[in-house]
Amino acid sequence: MKQLAWLVLAALLGSGCSVALNFDECKQDSDCAGRADGGVAFCTSDHLCVGNVPEERLCTSGSFGAASPSAVMVAGLFRLSGASGDKDTEMAQAAELAMQDLAKVSQRPIAMVLCDTAGGQAARSLDKAFRDYHVVGAVGPTTSGDVLSSVGGEPSAAAVAIADGILVITPSATSPQVSGLDDHNLIWRTAGSDNLQAGVLAQLVPAMIASGTTMRPTVIDTAYVSSAYGSGLDTAFVAALAQAASLTPIATHQFDTGVDPNSVIGELGADAPDYSLIVADDDAAALAGSLYQNPPALALTQFLFTDGAKGPDLIGAMPNLQVAHRIRGTAPATPSGPVFDTFKLEYQNQFGSDPATTAFVANTYDAAWALALAIAGQPPGAAIVGDGMANAMMRMSTPGVTVTVGGDFNTGATTLAMGGAIDLAGTSGPLTWDNASGDVTDAPIEVWAIDTNQSPPTFCTISPPPKTCP
């Protein structure tokens, strides 16, 4: 029997037929289509199909900062691909610029490894950066969901940071839920809570609206993405609206990331609202694209978007100007003054774009600078650990030595290392933290619109002054 098997194999090998003795499942991701729940799978370097981004692909987007083997490592957690890649790439560039600037002045070398967190990979990326690069801190994640929520049974990024003692400064995770984390003072942010944004949004909705020759209560509905960011901001807005205008939305529509945008817009149209609040992040551009079709039921509706939507893709290449004219939104106020102007000029010279056109770019530069101060502000010879860095953060918004982001870094680091306090002035505005929550206590919020008189249309500011919209 054994001899027969060898004869059959020899015949096959000697024949004109080709026998592929290849036990690999895949050579590229497309070979894995349909082999995992949801139909999405990835091909590993071992040619196996798996249902999540392989660990070998995490934190492979490069590094920058001090070129020294003794550099203290931090992580940059940004969604560099996917629907939010345009916005987060602008933010990541601000972190890159900060690390380049710090490499020129900091007496303690610091470097950043860049991680693409698209697809909910923030927690896994932070954990890998800690294990493989021994990071002590991170700029990002950029979404409230990545900070707060577990994905596929994995812990949240906040949980990873707490377990590993990593200082996290997020420039854009704005959910009010971040304030209440039991985080051992390890989670900080350079953007204001959505409680601040919700109050400004509510003031954009009038209590009464003209209806022929009479006045009637304004009809408003909302649609929000089912994430910590979306639900938190929608809840805060509903509460602020009741207080500001004694109004309650006639309906709130929750949607999942990746939803058919026409279905969401169709639900809003069925409400026949005067105002619609749309809280979106990854899906903002697609939802705007559906609005640009100008559905008749929404032909007179005023649309309100939020900070997660403000990015180049929201306007798009061919917006419907009649619809774009009816879009308003809120975001951290466009920075101004000499500190921001210096940053803006440097950013434009290096990357060829205006950092004011995308929300949270200046906040990202500030986050990287504050993290570096927390590291360099440790006493000589002290271990760089989470508790020590958190202690330094608590002494950065106290009247004392004024240190400007982008300015005299070593004065700030030396003062902190000696146990002193500094008053940190950011490119995004004053950086005054509530040490109990890690929240910025004074974060100005702007109201933006789309200037349809420009070609191509651009974002403009309605308030605070100076107004740039026509």
Side-chain angles (χ1 to χ4, degrees), residues 77-79 82-84 87-88 91 115 117-127 138-163 166 168-183 186-199 201 222-240 252-259 264 277-284 287 304-311 329-332 359-360 363-364 367 434 437-440 443 445:
L77 307 175
F78 302 94
R79 299 165 299 171
S84 294
K87 293 179 292 185
D88 275 29
M91 296 165 66
C115 306
T117 62
Q121 301 304 314
R124 293 180 66 220
S125 295
L126 183 58
D127 184 57
V139 175
T142 58
T143 73
S144 301
D146 279 343
V147 172
L148 297 166
S149 305
S150 59
V151 178
E154 299 284 342
S156 66
V160 171
I162 295 165
I166 303 169
V168 166
I169 306 179
T170 170
S172 52
T174 54
S175 170
Q177 297 176 43
V178 176
S179 304
L181 285 173
D182 182 13
D183 58 8
L186 290 171
I187 312 295
W188 298 71
R189 46 186 173 179
T190 53
S193 163
D194 280 333
N195 284 330
L196 300 175
Q197 184 176 188
L201 279 166
T222 71
Y224 66 93
V225 63
S226 56
S227 67
Y229 165 69
S231 61
L233 185 45
D234 184 79
T235 299
F237 171 75
V238 171
T252 57
H253 306 278
Q254 180 177 327
F255 61 88
D256 294 327
T257 299
V259 70
V264 178
L277 171 70
I278 301 175
V279 187
D281 187 17
D282 288 1
D283 297 284
L287 290 166
L304 303 178
F305 280 86
T306 57
D307 50 12
K310 190 184 179 188
T330 52
F360 305 116
N363 304 75
T364 305
D434 173 3
S437 64
D439 283 358
V440 176
I445 303 297

Heavy atoms only: give me the nearest Gly120-Asp146 pair and the separation to one decimal. CA-OD1, 3.9 Å
Should Gln254 and Ser231 count as side-chain neighbours, where that means a heavy-atom distance under 4.5 Å? no
Counting only N and O atoms by type, is there a donor-acceptor contact under 3.5 Å from the side chain of Ser156 to the main-chain atoms of Ser149? no
Report yes if the side chains of Thr257 and Asp283 come closer than 4.5 Å at any heavy-atom pair, otherwise no. yes
Shortest non-hydrogen contact between Ala443 and Val440, atoms and distance: CB-CG1, 4.1 Å
Just to verify, what does Asp183 make a salt bridge (charged side-chain N to carboxylate O under 4.0 Å, His left out) with, not counting sequence neighbours? none
Let me see the working for Tyr224 and Thr252 under side chain to side chain contact (heavy atoms under 4.5 Å, CB included), right down to the final yes or no. CA-CA 8 Å; Tyr224 66 93; Thr252 57; 4.3 Å; yes
Contacts of Val264 meeting side-chain contact (heavy atoms from CB on, under 4.5 Å) (sequence neighbours excluded), chain-then-number -> Ala223, Phe255, Val259, Leu287
List for me each residue that meets side-chain contact (heavy atoms from CB on, under 4.5 Å) alongside Ser84, sequence neighbours excluded, and say none if there are none. Arg79, Lys87, Asp281, Asp282
With sequence neighbours excluded, tell me which residues meet side-chain contact (heavy atoms from CB on, under 4.5 Å) with Ala309. Ala284, Phe305, Leu314
For Thr330, enumerate each residue passing the side-chain hydrogen bond (donor to acceptor under 3.5 Å, both in side chains) test, keeping only those at least two apart in sequence or located in another chain. Gln197
Given side chain to side chain contact (heavy atoms under 4.5 Å, CB included), test Ser172 with Met91 step by step and report yes or no. CA-CA 10 Å; Ser172 52; Met91 296 165 66; 3.3 Å; yes
Check whether any side-chain heavy atom of Phe237 lies under 4.5 Å from a side-chain heavy atom of Val279, and answer yes or no. no
Quick one: does Pro332's side chain get under 4.5 Å of Phe360's, heavy atoms only? yes
Could you tell me if the side chain of Ser175 sits less than 4.5 Å from the side chain of Leu148, heavy atoms only? yes
Counterpart residues, side-chain hydrogen bond (donor to acceptor under 3.5 Å, both in side chains), relative to Thr306 (two or more places apart): Tyr229
Between Ala173 and Val178, what is the shortest heavy-atom contact and its length? O-CG2, 4.4 Å
side-chain hydrogen bond (donor to acceptor under 3.5 Å, both in side chains) against Ser437, all qualifying residues, sequence neighbours excluded: Asp434
Could you check whether any side-chain heavy atom of Val225 comes within less than 4.5 Å of a side-chain heavy atom of Asp256, counting everything from C-beta outward? no
Mind running side chain to side chain contact (heavy atoms under 4.5 Å, CB included) on Val139 and Ile169 for me, showing each step along the way? CA-CA 5 Å; Val139 175; Ile169 306 179; 5.6 Å; no
The complete set of salt bridge (Lys or Arg N to Asp or Glu O under 4.0 Å) pairs with one or both residues in residues 187-197, sequence neighbours excluded, reads Arg189-Asp439
Can you name the closest pair of heavy atoms from Ala158 and Ile187 and give their distance? CA-CD1, 4.3 Å
Could you state the interatomic distance from CG (Leu77) to OG1 (Thr170), rounded to the nearest 0.5 Å? 9.0 Å
Closest approach of Pro171 and Thr190, non-hydrogen atoms and distance? CA-OG1, 3.4 Å
Just jot down the side-chain hydrogen bond (donor to acceptor under 3.5 Å, both in side chains) partners of Asp234, sequence neighbours excluded, or say none. Thr222
Could you pull out all residues at least two apart from Ala331 that satisfy side-chain contact (heavy atoms from CB on, under 4.5 Å)? Asp307, Lys310, Ala359, Glu446, Trp448
Exercise: identify the closest heavy-atom pair between Ala157 and Leu126: O-CD2, 3.7 Å
